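What you see is a predicted model; the values in this text were computed from it and never measured.
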Amino acid sequence: MKDTDSVRRGKSQNHSIKLEFQDNEFLPFLYGHHNSNLTAIEQALDVSLDSFGNIIKITGSEHNTSTAKVTIEALYKRIANTTTTERDISSSMVKDALRWAADASNDGMKAFANSDGALDTWRKVVTPKSAGQQTYLEALSRHDVVFGLGPAGTGKTYLAVAKAVEALKAKRIERIVLSRPAVEAGERLGFLPGDMKEKVDPYLRPLYDSLYDMMPPDMVDRMLASGQIEIAPLAFMRGRTLAQSYVIIDEAQNTTPVQMKMVLTRLGDDSRMVITGDLSQVDLPSGQKSGLDDAVSILDDVKGVGIIRLKGSDVVRHPVVARILTAYEKRDQS
C-alpha cells in the first residue's frame, strides 16, 4: 500500500491523497457493502473518497485528509492481520478507527491495526476502542491496583470485567468479586421488597450485564451459585481478605474515605483490584468527601498503583453522548 504526495488545489485549499493497495483480496472488506465503510468515513470527516480499482483518492482539508488516510490504512492492516472469518468491518469498527485516528500516535494506530490488548472471553474478543482504553488495559496488566476514572461511556467497568473474565478463563485467579456502594442516584426509592439479594440487585445490574455479555448465561448462573463469581454491596467487604481474586469496585465515587480505605485493605495474595468511578457524578450527601477523590490524591505515587484518567474522546456509546459530556464540561468550566 502506498500513497502519493498531497497536492494543494488552487484557492479551495483542498488536498488530495491517493492510496494504492497491493492486495485486492482485502478491498471488499475495507470498502464495505455498497461502499458503506467509505461513506461513513466521508460523513465523519467531511472528505470525498473516490475508489478506482485498488486506488482510493481522498479529497478535503489537509487535516481531515490526513486523518482519513490514517484511518483507512489502519483498517486495511487490521483486515490483513485477521483470519478470513473475521475480516468483515462493522460500522462500530469504523467508528473505533476514527476515534483512534483522532487521538492516537503512530504507535497507537499500529496497536489498533494489530488488535493489541485484545481480551479473549468465553463469548467474544474484547478490544480497546480508543487510545485511552489501550492505556487503561496496559495499566490493568502492569499494576496490582488500578483506579479508572472518567465520564460515563468510556468503558471503565466493562473493560475491567473483561480483564477479570479473561483471567478467570485462563485460571490465573480463582474467583471474581464485583462490588459497588448501594447509593441512590439522587432519588429516594424507599424500602425495596425481597431478600437481601433482591434488594441490592438493582444497584449491581450493570455488572450483571457485563458478565452476561462475555459469558454464556448458564455459566454465569453456575458461577454465581458456586461463589466463583460474587457480586455484593460494598458493606459486605468489611473484615474479609480476598485472595486469588480479581476485585472490581464500581461507582467508587460514591464511597466515603473510610469505606475506600476499608476496601483497599481487603486485597490478599495473588489478587488484583480495579476501582472505577466518575468524580463528576458523586451522589453522596452534600459536604461528604468522595473516597475515590481522597484515595487518588493519597495514592498517586504509590508503587503498584496505577491511576488512569479517561476523557470524552474515549466515550464509546452513541456519538451524541460524547458531545453531551463536552457541553457539560464547558458549562462547568465557565
Side-chain angles (χ1 to χ4, degrees), residues 74 92-93 95-121 124-168 170 172-173 176-180 206-207 209-211 213-214 246-253 260 264 267 271-281 292-293 295-297 299-317 321-322 325 329:
S92 64
M93 190 179 294
K95 293 176 184 176
D96 293 347
L98 288 164
R99 193 182 301 111
W100 274 85
D103 195 46
S105 63
N106 289 335
D107 288 342
M109 292 311 297
K110 187 183 297 183
F112 169 81
N114 295 332
S115 300
D116 290 352
L119 304 175
D120 186 18
T121 69
K124 65 195 303 185
V125 175
V126 179
T127 57
K129 293 178 175 291
S130 70
Q133 288 194 355
Q134 175 74 20
T135 302
Y136 182 43
L137 286 179
E138 290 171 356
L140 294 178
S141 298
R142 193 165 58 246
H143 299 290
D144 296 321
V145 177
V146 174
F147 289 86
L149 287 70
T154 50
K156 305 181 300 294
T157 302
Y158 189 83
L159 290 176
V161 173
K163 194 73 174 177
V165 171
E166 182 200 43
L168 185 63
R172 295 194 298 269
I173 57 169
I176 297 174
V177 180
L178 307 173
S179 183
R180 65 188 293 182
L207 300 174
D209 292 342
S210 297
L211 285 173
D213 198 36
M214 300 172 199
Y246 207 108
V247 186
I248 299 173
I249 310 300
D250 191 31
E251 299 291 345
Q253 75 273 7
M260 179 59 72
L264 285 170
L267 202 63
S271 292
R272 289 180 178 262
M273 181 178 289
V274 186
I275 301 98
T276 67
D278 178 3
L279 289 172
S280 69
Q281 296 191 15
L292 178 60
D293 191 20
V296 168
S297 64
L299 304 176
D300 193 25
D301 296 322
V302 174
K303 183 179 179 180
V305 175
I307 300 174
I308 303 298
R309 292 174 173 85
L310 300 169
K311 51 190 178 181
S313 58
D314 298 307
V315 172
V316 296
R317 291 179 181 168
V321 174
L325 289 169
E329 288 171 1

Taking only distance into account, with no hydrogens and no angle test, what donor-acceptor pairs under 3.5 Å do side-chain atoms of residues 138-151 form with protein atoms, sequence neighbours excluded?
{"from": "Glu138", "atom 1": "OE2", "to": "Gln134", "atom 2": "NE2", "distance (Å)": "3.3"}
{"from": "Ser141", "atom 1": "OG", "to": "Leu137", "atom 2": "O", "distance (Å)": "3.3"}
{"from": "Ser141", "atom 1": "OG", "to": "Lys163", "atom 2": "NZ", "distance (Å)": "2.7"}

Item to check | Polar side chain donor-acceptor pair, Thr154 to Asp314, under 3.5 angstrom | outcome: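 Their side chains do not contain a donor-acceptor pair, so the 3.5 Å distance test is not met.
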Next on the checklist: Could you work out, with side chain to side chain contact (heavy atoms under 4.5 Å, CB included) as the rule, every residue matching Thr135, not counting sequence neighbours?
Outcome noted: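 Per chain and number, Thr135 pairs via side chain to side chain contact (heavy atoms under 4.5 Å, CB included) with Ile308.
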Atom [atom1] of [X] and atom [atom2] of [Y]: how far apart are they, to the nearest 0.5 Å?
X	Y	atom1	atom2	value
Gln281	Glu251	CD	CD	7.5 Å
Ile307	Asp300	CD1	CG	4.5 Å
Thr127	Phe112	OG1	CZ	7.5 Å
Met260	Ile249	CE	CD1	7.5 Å
Leu98	Met93	CG	CE	12.5 Å

Non-hydrogen atoms of [X] and [Y] that approach each other most closely:
X	Y	value
Arg180	Asp250	CB-O, 3.1 Å
Lys124	Tyr158	NZ-OH, 3.2 Å
Ile248	Ala164	CD1-CB, 4.1 Å
Ala152	Asp278	N-OD2, 3.7 Å
Ala118	Val125	CB-CG1, 3.7 Å
Ser130	Arg99	CB-CD, 3.6 Å

Checklist entry - Would you say Tyr136's side chain and Lys156's backbone share a donor-acceptor pair under 3.5 angstrom? => result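 Flag set: sc Tyr136 to bb Lys156 pair under 3.5 Å.
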[Y] side chain reached by [X] side chain, heavy atoms, under 4.5 Å:
X	Y	result
Leu211	Leu207	no
Ile275	Met273	yes
Leu299	Leu264	yes

Checklist outcome for this item: Residues passing the salt bridge (charged side-chain N to carboxylate O under 4.0 Å, His left out) test with Lys129, sequence neighbours excluded, are Asp96
Checklist entry - Going through the distances and angles, do Tyr246 and Val165 end up as a side-chain contact (heavy atoms from CB on, under 4.5 Å)? => result CA-CA 9 Å; Tyr246 207 108; Val165 171; over 6 Å; no
